[in-house]
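To start, the structure itself, in structure tokens.
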Amino acid sequence: MDKLIKMLFENKTSQEVSNMLVNLNCFQLNSKSHIKKYNKLRKLHSEILNSMQNYILSGKYDVRRYDDVVCRELESIIGSFDIDFDLNNNDDISVFLELFIYDNHPNIKSITDIYLKNNKFKNFEKIKMLKCMKDSYVGLFKVIAVDRNDGYVTYQDVFTKKKFKIVDIAMSSTLRVDKKREIYTYNRIITVDDISFATGIHCNFSSESKLLMKFINSHNYKKCSNFVRCLLLYDIYKNDSSIILKYNHKYGYK
């Protein structure tokens with residue numbers, strides 16, 4: 001089984017086998033109380049994201065007003081940098097929404113803040129989710145443990161060393177932690193009561209990525225906003241041929 005799981009991340013033609021493993025483990029996990037809570041929270045979070053995406057597309061939130069803020073910080077760190085999102089591309093959409101929905105820069109007002117300030121929702125559960133989104137945590141994480149039996153994955157922030165145990169059915173079903181080829185992800189973690197889950201930013205790496213290792217060794221964490229850090233890591237993700245991890249749209253694994 002372990003050899004098969006390792007093969008899933010090395011062979012691009014194994015997606016169907018991967019989906020079978022995820023579906024099987026999902027069936028086994030669905031009766032557990034924490035997974036039932038998780039599924040409800042993911043559905044609620046998805047409903048809020050759809051509302052926020054429509055808010056942007058309707059023109060009520062002008063992302064261009066923040067161009068100068070972002071460009072100044074990027075230029076101070078690496079010089080010139082091209083920012084171009086294709087909203088027909090699922091990876092680009094996930095990163096674009098991450099940047100503006102959540103608090104990522106002290107000079108950029110997030111859509112979460114706007115929704116909270118304007119009392120967008122009257123439903124208690126949605127208000128609670130918004131507050132948890134406001135308090136969420138984003139970072140570059142290394143995957144350090146997987147619990148297939150309960151659907152948990154443990155992350156450790158590369159820079160702060162903070163650890164998070166999250167529910168991730170797809171990753172826990174298919175990933176085997178291998179110190180020879182460690183898996184990294186830039187992701188956001190939302191915690192509601194006793195359930196933590198990742199929002200699913202499409203930005204994953206392995207320790208085989210020379211560009212990622214160079215970034216980790218040279219990055220000035222304290223002088224970089226989450227907004228710019230996300231852009232820099234996503235640029236690495238898009239330009240690194242060693243990265244083959246794929247996103248599972250049904251379960252949220254990359």
Side-chain angles (χ1 to χ4, degrees), residues 45 48-49 51-57 59-87 89-117 129-142 155 157-160 162 164 184-191 197-205 209 211-212 214-240 243 247 252 254:
H45 180 249
I48 292 174
L49 288 189
S51 172
M52 291 178 165
Q53 184 171 347
N54 290 334
Y55 184 81
I56 296 175
L57 295 177
K60 295 178 181 177
Y61 184 90
D62 182 11
V63 300
R64 291 296 180 185
R65 80 178 86 167
Y66 299 116
D67 282 358
D68 288 344
V69 172
V70 176
C71 289
R72 281 198 300 271
E73 184 178 343
L74 280 167
E75 289 173 0
S76 70
I77 295 174
I78 62 168
S80 62
F81 187 92
D82 291 328
I83 305 172
D84 186 22
F85 288 104
D86 176 4
L87 296 186
N89 178 286
N90 287 326
D91 288 357
D92 280 12
I93 290 173
S94 78
V95 173
F96 179 81
L97 293 178
E98 157 62 27
L99 292 173
F100 295 102
I101 282 176
Y102 302 96
D103 291 346
N104 281 303
H105 196 286
N107 296 321
I108 297 178
K109 193 173 186 65
S110 70
I111 298 176
T112 297
D113 275 338
I114 293 172
Y115 269 45
L116 284 169
K117 181 180 179 179
M129 177 62 77
L130 277 178
K131 291 179 179 178
C132 291
M133 290 167 65
K134 170 72 176 175
D135 294 334
S136 58
Y137 185 99
V138 69
L140 175 64
F141 301 100
K142 178 165 65 174
Y155 285 171
D157 189 300
V158 171
F159 299 108
T160 68
K162 292 181 179 179
F164 300 85
Y184 293 82
T185 181
Y186 187 81
N187 224 324
R188 179 174 294 276
I189 298 171
I190 299 175
T191 301
F197 62 92
T199 58
I201 304 171
H202 299 199
C203 202
N204 301 279
F205 315 89
S209 169
L211 291 175
L212 177 68
K214 181 180 179 181
F215 175 85
I216 291 173
N217 291 329
S218 62
H219 182 57
N220 191 329
Y221 179 81
K222 293 183 178 180
K223 291 188 177 182
C224 185
S225 69
N226 288 323
F227 194 107
V228 168
R229 185 162 32 251
C230 181
L231 287 175
L232 295 175
L233 285 166
Y234 186 50
D235 187 61
I236 293 173
Y237 169 80
K238 290 194 294 184
N239 291 288
D240 194 332
I243 299 167
Y247 186 82
K254 289 69 71 192

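Because the structure is a prediction, the values reported are computed rather than measured. For this chain, numbers begin at 1 and follow the sequence in order.
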Next on the checklist: Let's go through His45 and Phe197 carefully: what are the C-alpha distance in whole Å and the side-chain angles of both, what is the deciding distance for ring pair (Phe, Tyr, Trp, His ring centres under 6.0 Å) to 0.1 Å, and is it a yes or a no?
Outcome noted: CA-CA 10 Å; His45 180 249; Phe197 62 92; 5.6 Å; yes
Checklist entry - Without hydrogens or angle criteria, can the side chains of Ser110 and Tyr115 be said to hold a donor-acceptor pair below 3.5 Å? => result no
Checklist entry - Side-chain donor-acceptor pair under 3.5 Å between Tyr186 and Asn204, yes or no? => result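 Judged by distance alone, the side chains do not pair up.
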From [atom1] ([X]) to [atom2] ([Y]), nearest 0.5 Å:
X      : Y      : atom1 : atom2 : value
Glu75  : Ile77  : CD    : CD1   : 11.0 Å
Asp62  : Phe100 : CG    : CZ    : 9.5 Å
Ile189 : Ser136 : CD1   : OG    : 9.5 Å
Leu232 : Cys224 : CG    : SG    : 5.5 Å
Leu74  : Phe227 : CG    : CZ    : 8.5 Å

Next on the checklist: Checking His105 now: which residues fulfil ring pair (Phe, Tyr, Trp, His ring centres under 6.0 Å) with it, not counting sequence neighbours?
Outcome noted: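 Scan of His105 (ring pair (Phe, Tyr, Trp, His ring centres under 6.0 Å), adjacent residues dropped) gives none.
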Main-chain N/O of [Y] paired to [X] side chain as donor or acceptor, under 3.5 Å:
X      : Y      : result
Glu73  : Ser225 : yes
Asn104 : Glu98  : yes
Ser94  : Asp91  : yes
Asn239 : Asp235 : yes
Asp92  : Phe85  : no
Ser218 : Lys214 : yes

Of the non-hydrogen atoms in [X] and [Y], which two are nearest, and what is the gap between them?
X      : Y      : value
Leu130 : Thr112 : O-CG2, 3.6 Å
Leu140 : Phe159 : CD2-CE1, 4.1 Å
Asn187 : Phe141 : O-CE1, 3.2 Å
Ile101 : Met133 : CG2-CE, 4.0 Å
Arg229 : Phe215 : CG-CZ, 4.1 Å
Tyr66  : Asn107 : CE2-O, 3.6 Å

Checklist entry - Taking the six-membered ring of Tyr61 as reference, does the NZ or CZ atom of Arg65 fall below 6.0 Å from its centre and within a 45° cone about the axis? => result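 Yes, Arg65 lies over the aromatic ring of Tyr61.
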Next on the checklist: Parallel, tilted or perpendicular: which one describes the rings of Tyr137 and Phe164, with boundaries at 30° and 60°?
Outcome noted: tilted
Checklist entry - Any idea how His219 and Tyr221 line up, ring-wise: parallel (<30°), tilted (30 to 60°), or perpendicular (>60°)? => result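 Ring orientation, 0 to 90° scale: perpendicular.
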Item to check | Chi angles and distances behind the side-chain hydrogen bond (donor to acceptor under 3.5 Å, both in side chains) call for Asn226, Tyr102 | outcome: CA-CA 10 Å; Asn226 288 323; Tyr102 302 96; over 6 Å; no
